[in-house]
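Report on one structure; see the data block that follows.
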2 protein chains.
Amino acid sequence: MRRQSSAADGQRRATVTDVARLAGVSTATVSRVLNRNYPVATATRERVEEAMRELGYVVNAHARALAGVSGRTVGIIVSEVIDPFYAYIARGVEREAALGDRLCLVCCTQGDPQRELAFIELMHERRADAVIVVGGSFADRSYTTELARRARELDAGGSKLVLCGRPPLDEPAPTASVEYDNEGGAFAITDHLLAQGHERILYLGGPPALSTTRERLAGHRRALELRGIARDPELEQLGSFSRAFGRRRMAELLKEGPEFTAVFAANDIVAAGAAQALEEAGVRVPQDMSLVGYDDIPVAQELRPRLTTVHIPLEEMGRQAVRLAVSGGDEDDWREQTTGAVRLGTHIVVRDSVAAPSKHARRV
Amino acid sequence: MRRQSSAADGQRRATVTDVARLAGVSTATVSRVLNRNYPVATATRERVEEAMRELGYVVNAHARALAGVSGRTVGIIVSEVIDPFYAYIARGVEREAALGDRLCLVCCTQGDPQRELAFIELMHERRADAVIVVGGSFADRSYTTELARRARELDAGGSKLVLCGRPPLDEPAPTASVEYDNEGGAFAITDHLLAQGHERILYLGGPPALSTTRERLAGHRRALELRGIARDPELEQLGSFSRAFGRRRMAELLKEGPEFTAVFAANDIVAAGAAQALEEAGVRVPQDMSLVGYDDIPVAQELRPRLTTVHIPLEEMGRQAVRLAVSGGDEDDWREQTTGAVRLGTHIVVRDSVAAPSKHARRV
DNA sequence: GTGAAAGCGCTAACAT
DNA sequence: ATGTTAGCGCTTTCAC
């Protein structure tokens with residue numbers, strides 16, 4: 001015997017057939033009142049609706065999807081939902097999806113590329129209209145190949161893989177992408193520091209292999225070069241994006257490291273950690289040391305002094321990601337291949353954590 | 001003609017039938033290698049797997065669900081994903097769901113009860129194994145009735161509605177619930193203030209009609225009573241849970257309001273706003289004014305002075321919510337009705353924002 | 001305006 | 001170990 005319901009006892013949900021019988025009509029009619037996409041006599045409609053109410057009928061989205069209508073779902077894959085960077089993007093995705101009457105399937109990789117791949121597959125199985133992978137990626141050859149394969153499979157089914165906040169695949173593959181001017185933001189904020197007279201700037205944090213780090217570092221270096229400042233490897237202290245890293249490394253460097261008058265933290269979280277280390281070491285910001293971050297998440301405004309950082313239109317990125325992937329909701333596709341790409345701007349927001357370098361030695 | 005695919009061109013995804021044909025076996029066999037729940041000759045299995053690879057076959061979760069297997073989905077409804085309170089719970093839900101190979105459907109109500117109801121329906125349509133509604137609720141009669149109805153419908157289908165961080169429905173309904181000792185936490189932290197000698201404590205923020213507010217306020221009042229301190233309506237300044245509210249109302253009260261030596265912000269966000277107003281008014285924390293919050297989200301540690309607040313096991317609440325709802329994954333139900341309820345403890349975490357009231361007038 | 005019937009892709013008896 | 005087949009619940013021609 002087939003298991004009718006997953007619960008302990010064998011209740012059965014009402015189906016269109018039940019509704020049809022009770023209302024004395026055919027299932028086709030029930031379907032028509034359900035979808036209100038076809039004329040149905042008012043009297044009939046009311047009888048059907050009454051029957052549905054009486055039976056506590058709830059349409060089965062799986063059956064509906066199987067019968068050919070879109071599942072109205074978009075998948076979003078982030079590394080961590082409590083990280084504001086991802087959370088804001090997720091919010092944009094959710095809101096835009098909701099506008100198109102879509103629900104979001106979300107999952108967290110916790111930074112594991114293998115999980116990311118597995119989740120893409122899971123969402124494909126669920127026939128998501130789009131699968132949005134968010135955040136930087138590691139430049140691993142076999143990983144990229146796998147990703148491209150998934151993109152092709154998805155595309156072959158009329159779905160789309162969207163890269164959000166990461167560079168396109170080397171390999172050609174049918175993906176859409178939403179980027180932000182990462183390199184430009186890093187360039188701008190470094191230049192801001194340079195303009196204040198800083199020449200020895202510490203770049204702190206960020207996983208070395210992550211695209212996000214590579215791009216920010218590239219912008220930073222370009223700004224240095226443009227002002228004719230030699231790059232000092234000792235001043236590039238990569239690591240991770242954690243608060244703990246920012247605090248620990250900053251403390252170590254303060255104790256025994258190269259000279260510098262400003263810190264460019266790879267993101268605001270790292271900046272928060274660095275700020276704490278600075279505070280604990282009695283180094284005043286910005287008088288003794290300037291500090292900037294990246295991302296402009298809420299903590300930047302909570303720190304004292306308030307953190308000068310680079311703003312990224314995170315929520316908008318999320319929105320664009322779904323717009324790019326789902327061509328106009330119910331309407332028929334207005335273009336052959338919607339394999340688009342958008343690139344949003346970033347800009348620095350000046351707050352209180354930067355000042356001209358102090359004349360005195362910064363070493364305590 | 002039926003629309004085979006939603007994309008511009010009419011590609012068709014490979015199905016079990018295609019795989020079966022290419023591998024020269026029956027669809028049953030394909031299904032068997034797919035679910036690895038039945039013996040299949042190694043040679044056959046390899047042939048089938050090869051065929052799948054060749055065809056880029058990806059199983060259709062809808063068809064599978066329709067054929068009787070669980071959709072392996074849990075729904076979670078929060079008011080806002082970027083709010084750490086919800087985000088941490090969501091993380092717990094996601095992680096626990098992932099352990100059972102389930103994906104999360106998440107959506108945001110932005111505080112609108114109507115949207116909440118609508119989302120529950122949507123998730124029911126998708127046959128989620130459980131639907132978890134997170135956060136406080138408004139004590140609206142008709143809303144409660146509707147919620148109870150949804151709970152019954154869900155239950156009738158073998159699914160479950162889980163109330164997470166909110167009190168049970170007045171009306172009897174088949175729901176599971178995960179609560180935290182909200183009243184107790186409020187009692188404890190108020191008592192902490194009282195023990196330091198504060199007698200005039202301002203309770204600031206929180207929507208008056210929200211269950212969360214009611215419970216916290218109740219704990220606050222109980223602590224006052226127990227110490228024989230008369231309650232002063234002027235010292236209960238409810239409002240919202242926003243940072244902006246905390247800042248604005250605090251500023252107003254500082255200018256022209258009742259006397260008080262300590263502030264109990266309804267949550268950490270409000271506390272952050274209040275802290276800013278205090279800072280702007282030149283009132284020092286904790287020397288001139290003590291300040292506490294509720295929730296223990298990251299900002300509490302970022303504020304200076306670090307905020308004394310009440311810790312809630314948010315992530316654990318999320319985990320419990322799914323455990324309660326999904327009885328042991330694949331195994332058959334080991335109990336009749338899993339309509340359980342758990343209540344987790346809260347505790348205050350003492351940091352640096354509280355001191356004994358100053359002898360001098362606090363008014364500036 | 002409404003009904004009959006053919007699938008959609010998969011799983012699970014039931015045979016063999 | 002593998003094949004046959006009957007649904008799962010819905011939408012959608014095609015008739016009437």
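So you know, we letter chains A, B, ... as the sequences are listed, proteins then strands, and number each from 1. Since this is a predicted model, take the numbers as computed values, not measurements.
Backbone-only engagement by A:V25 is indicated by non-hydrogen atom pairs under 4.0 Å involving sugar-phosphate atoms exclusively. Heavy atoms of A:V30 sit nowhere under 4.0 angstrom from any nucleic acid atom. Using a 4.0 Å heavy-atom cutoff across all strands shown, A:A28 reaches at least one base atom of the nucleic acid. The residue B:T17 sits apart from the nucleic acid: no heavy atom pair falls under 4.0 Å.
In this entry the distance linking CG of A:D18 with C1' of D:dC8 reads 13 Å, nearest Å. Atom CD in A:E46 sits about 12 Å away from atom P in C:dT2, given to the nearest Å. In this entry the distance linking CG of B:N37 with P of C:dT11 reads 9 Å, nearest Å. Straight-line distance from the CZ atom of A:R126 to the C1' atom of C:dC10: 15 Å, rounded to whole Å. We find that OH of B:Y38 is positioned 11 Å from P of C:dC14, with the value rounded to whole Å. What separates NE2 of A:H62 from P of C:dC10 is a distance of 14 Å, to the nearest Å. In this structure, B:L55 places its CG atom 11 Å from P of C:dC10, rounding to the nearest Å. One interatomic measurement links the two molecules: CZ of B:R127 to P of C:dC10, which rounds to 20 Å at whole-angstrom precision.
Listed nucleotides C:dC8, D:dC10, D:dA1 differ in distance to A:R64; the shortest reach to its side chain belongs to D:dC10. The side chain of B:T44 lies closest to D:dA1 when the candidates are D:dA1, C:dG1, D:dT11. Nearest nucleotide to the B:L34 side chain, out of D:dG3, C:dT11, D:dC10: C:dT11. When each of C:dA12, D:dT12, C:dG9 is scored by its nearest atom to the side-chain atoms of B:T15, the top-ranked nucleotide is C:dG9. For B:A67, taking side-chain heavy atoms from C-beta onward, the closest of the listed nucleotides C:dT11, D:dT2, D:dT12 is C:dT11. Side chain of A:V16, nearest nucleotide from D:dC10, C:dT11, D:dC8: D:dC10. Among D:dC10, D:dG3, C:dC10, the nucleotide with an atom closest to any side-chain atom of A:A63 is D:dC10. When each of D:dG9, D:dA1, C:dA4 is scored by its nearest atom to the side-chain atoms of B:L66, the top-ranked nucleotide is D:dG9. Distances were taken from every side-chain heavy atom of A:V69 (C-beta onward) to each of D:dT11, C:dG9, C:dG1; the shortest belongs to D:dT11.
Side-chain contact between A:T109 and A:C107 is absent, with no heavy atoms from C-beta onward closer than 4.5 Å. Between A:R150 and A:H124 the shortest side-chain heavy-atom distance does not fall below 4.5 Å.
Across every non-hydrogen atom of A:F138 and A:G111, the tightest pair is CE1-O, 4.2 Å.
Taking 4.0 angstrom as the limit, A:Y57 places a side-chain polar atom (N or O) nearer than this to OP1 or OP2 of D:dC10. At the phosphate of D:dC10, neither OP1 nor OP2 sits under 4.0 Å from any side-chain N or O atom of A:S31. Between A:N60 and D:dC8, a side-chain N or O to OP1/OP2 separation shorter than 4.0 Å is absent. Proximity of A:T29 to the phosphate of C:dG3: a side-chain N or O atom is located under 4.0 Å from OP1 or OP2.
The pair A:R323-A:E316 meets the salt-bridge criterion, with a side-chain N (NZ, NE, NH1 or NH2) lying under 4.0 Å from an Asp/Glu carboxylate O. Using a 4.0 Å cut-off between charged side-chain N and carboxylate O, B:E80 and A:R91 make a salt bridge.
Here A:I120 contributes atom CD1 and A:E125 contributes atom CD; the two are 12.5 Å apart, rounded to the nearest 0.5 Å.
Residue-to-nucleotide contacts include a donor-acceptor pair under 3.5 Å from the side chain of B:R32 to the base of D:dG3.
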